[in-house]
Amino acid sequence: MTDLLRIDDEFTHEQQLIRDTVRAFVDDQVAPHISEWFESGVFPSRELAPALGELGLLGMHLEGYGCAGLDATSYGIACRELEAGDSGLRSFVSVQGSLAMFPIWKYGSEEQKTTWLPRLASGEAIGCFGLTEPDQGSDPGAMRTYAKQEASGDWVLNGAKMWITNGSVADVAVVWAGTEGGIRGFVVPTDTPGFSAVEMHRKLSLRASVTSSLYLDDVRLPADAVLPHVSGLKGPLSCLTEARFGILWGVTGAARSCLSAAIDYAKTRVQFDRPIGAFQLTQEKLAWMAVATEQAGLTALHLGRLKDTGRLTPQQVSFGKLANVRAALDIARQARTILGANGITLEYPVIRHMNNLESVLTYEGTQEIHLLTLGRALTGLDAFR
Ligand code: TGC
Ligand code: FAD
């Protein structure tokens, strides 16, 4: 038993059904293979995308255009169950729904929406989000990728993006670039001449996830490739707020998986003639892990309720991303100690979650960026620069 506070009893019947459906999908389709995918550094995007689409999980909190149109808490619950499987699986869904589909849905033209959203929702097409560059990560306002508009109206994009989830398997990239009038978003079909993507290897974290560099070399796009309804840094940052919401829920799934593995192991591993779970030091670890898991779950539920009633602020999302990722990482590390030497093998999920969470701590705003965001909210003083 890990759900000491019975948080899930607060879910509606429909939300409980979503939880059970996604959990069954992860148990059947992902759990039997995930350690193998992680070890060999693959993520079967083309096989999983249609299955995720069929379940309505791609862009599930968006309305219309083939999207499921569910509430934000349901989206969070789905992220939790996906990340109990692996952060790479949740990442795929976060990027597709919150970073590729959301900007098109929120800021796109009708034609951009009808062209891309139904295909992305069904999993027939895959999307990615290009913000980070080789020389800028935390400070996206300093991006060098540039889009020049010619007299004909065409845009010509040049630059490079790095660390892009789904990049080399994507059919469409939402690329953010500087223009004469400030930062704009572009909907770039990945078969456009001059666009290329190269998968990054040798990662020891999020191995079951495709991460790529994007190169834009005189990529010529028609005038209507720009997202018409947003300009400035708030465009990409508002997409990050959507995706960070999924993360603050998702990591509670990774935490739960680590806690369950540690409890199971502690009840069966015998040392000094007793199960190690009967030692007070082990019980203290498990009790703190359970407290932290439940606290993270309460934070996620509260923020879900705020989002569903239109009251959630970006600062509150920073609070949740900061607190819940930190908690999940601490829980994974503590679980690792309970499993002893077995804790470092892929026979158990713990080291995989632990390594994945190192990326989750960094992407979508590092721990320091979220600390500074809360510091600014508390003091009114900007300590970023
Ligand atoms: P700042 O002056 O604070 O803001 C510029 C404009 O943006 C607005 N804004 C936001 N809007 C919505 N949501 C947010 N979270 C927002 N934060 C700021 C702000 O109101 C302002 O609007 P306006 O109308 O006044 O122009 O900008 P700054 O340059 O000081 O930067 C602030 C900072 C450092 C917090 C921001 O740059 C930041 O968040 N940096 C972190 C970058 C980041 O998280 N990158 C993630 C890349 S994508 C990714 O990691 C995907 S992982 C994939 C996966 O899930 O697998
Ligand atoms: P930097 O910004 O160089 O930071 C390095 C260190 O300096 C960090 O500890 C940081 O907190 C600290 N630091 C920076 N500024 C300050 C400051 N003002 N005060 C105090 N400390 C500071 N990006 C995308 O655009 N799309 C994606 O799909 C995507 N997917 C990713 C997938 C993976 C697996 C990973 C690892 C990253 C991904 N990213 C993606 C990139 C990610 O968003 C960046 O790595 C992240 O924003 C941090 O940027 P950086 O790595 O360049 O670190």
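Below, all heavy atoms of this structure are taken into account, side chains as well, without hydrogens, waters or symmetry copies. When a ligand or atom number is given, it counts from 1 through the structure's own listing order.
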What does the contact table look like for ligand 2 (nitrogen or oxygen on each side, cut-off under 3.5 Å)?
| from | atom 1 | to | atom 2 | distance (Å) |
| --- | --- | --- | --- | --- |
| ligand 2 | 2 (O) | Ser138 | N | 2.9 |
| ligand 2 | 2 (O) | Ser138 | OG | 2.6 |
| ligand 2 | 9 (O) | Glu368 | OE1 | 3.3 |
| ligand 2 | 11 (O) | Thr366 | OG1 | 2.6 |
| ligand 2 | 11 (O) | Glu368 | OE1 | 2.7 |
| ligand 2 | 18 (N) | Phe384 | O | 3.1 |
| ligand 2 | 23 (N) | Thr132 | OG1 | 2.7 |
| ligand 2 | 25 (O) | Leu131 | N | 3.0 |
| ligand 2 | 25 (O) | Thr132 | N | 2.9 |
| ligand 2 | 25 (O) | Thr132 | OG1 | 3.1 |
| ligand 2 | 26 (N) | Phe129 | O | 2.9 |
| ligand 2 | 28 (O) | Thr165 | N | 2.9 |
| ligand 2 | 28 (O) | Thr165 | OG1 | 3.4 |
| ligand 2 | 30 (N) | Trp163 | O | 2.7 |
| ligand 2 | 30 (N) | Thr165 | OG1 | 2.9 |
| ligand 2 | 39 (N) | Trp163 | O | 3.1 |

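With hydrogens and angles ignored, the 3.5 Å screen pairs a side-chain donor or acceptor of Asp308 with a backbone N or O of Ala72. The closest donor-acceptor contact from the side chain of Lys161 to the backbone of Trp176 lies under 3.5 Å. Under a 3.5 Å cut-off, the side chain of Arg244 and the backbone N or O of Pro314 do not form any donor-acceptor pair. No donor-acceptor pair closer than 3.5 Å links the side chain of Arg119 to the backbone N or O of Gly123.
By the 4.0 Å heavy-atom criterion, Ala243 is excluded from the residues contacting ligand 1. Look at Leu99 and you'll find a heavy atom under 4.0 Å from some atom of ligand 1. Ligand 1 has Arg376 within reach: a non-hydrogen atom of the residue lies less than 4.0 Å from it.
Checking Arg244, Glu364, His370 against atom 39 (O) of ligand 1, the nearest heavy atom belongs to Arg244. Of the listed residues (Leu240, Asn166, Leu131, Thr241), the one carrying the non-hydrogen atom nearest atom 48 (S) of ligand 1 is Leu240. The residue among Gly137, Ser238, Gly141, Ser94 with a heavy atom at the shortest distance from atom 42 (C) of ligand 1 is Gly137.
Per-atom contact check: atom 16 (C) of ligand 1 touches the protein, criterion being a heavy-atom distance below 4.0 Å.
Contact detail for Ala68 and Gly56: the closest heavy-atom pair is CB-O, 3.6 Å.
Looking at Phe384 against ligand 1, only its side chain comes within 4.0 Å, counting heavy atoms. Contacts of Val317 with ligand 1, taken as heavy-atom pairs under 4.0 Å, are absent altogether. Heavy atoms of Arg90 found under 4.0 angstrom from ligand 1 belong exclusively to the side chain. With a 4.0 Å heavy-atom cut-off, ligand 1 is reached by the backbone of Ser91 and by its side chain too. Contacts between Leu237 and ligand 1, counted as non-hydrogen atom pairs separated by less than 4.0 Å, involve both the backbone and the side chain.
Using a 4.0 Å cut-off between charged nitrogen and carboxylate oxygen, Arg352 and Glu39 do not count as a salt-bridge pair. Note on Glu358 versus Arg333: salt bridge recorded, some NZ/NE/NH1/NH2 to OD/OE distance being below 4.0 Å. Asp9 has no carboxylate O lying under 4.0 Å from a charged side-chain N of Arg19, or vice versa, which leaves the two without a salt bridge.
The aromatic rings of Phe102 and His61 sit parallel to each other, their planes meeting at less than 30°, with 60° as the upper class boundary. Below 30°, between 30° and 60°, or above 60°: for Phe245 and Trp249 the angle between ring planes is above 60°, a perpendicular geometry.
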Salt bridge (Lys or Arg N to Asp or Glu O under 4.0 Å) between Asp3 and Arg6, intermediate numbers included:
CA-CA 5 Å; Asp3 56 339; Arg6 303 204 62 80; 3.6 Å; yes

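Between Thr373 and ligand 1, no N or O atom pair is found at a separation short of 3.5 Å.
Of all protein heavy atoms, the one closest to atom 5 (C) of ligand 1 is Leu233 CB, 4.0 Å.
Side-chain atoms of Lys203 and Thr211 include a donor-acceptor pair closer than 3.5 Å.
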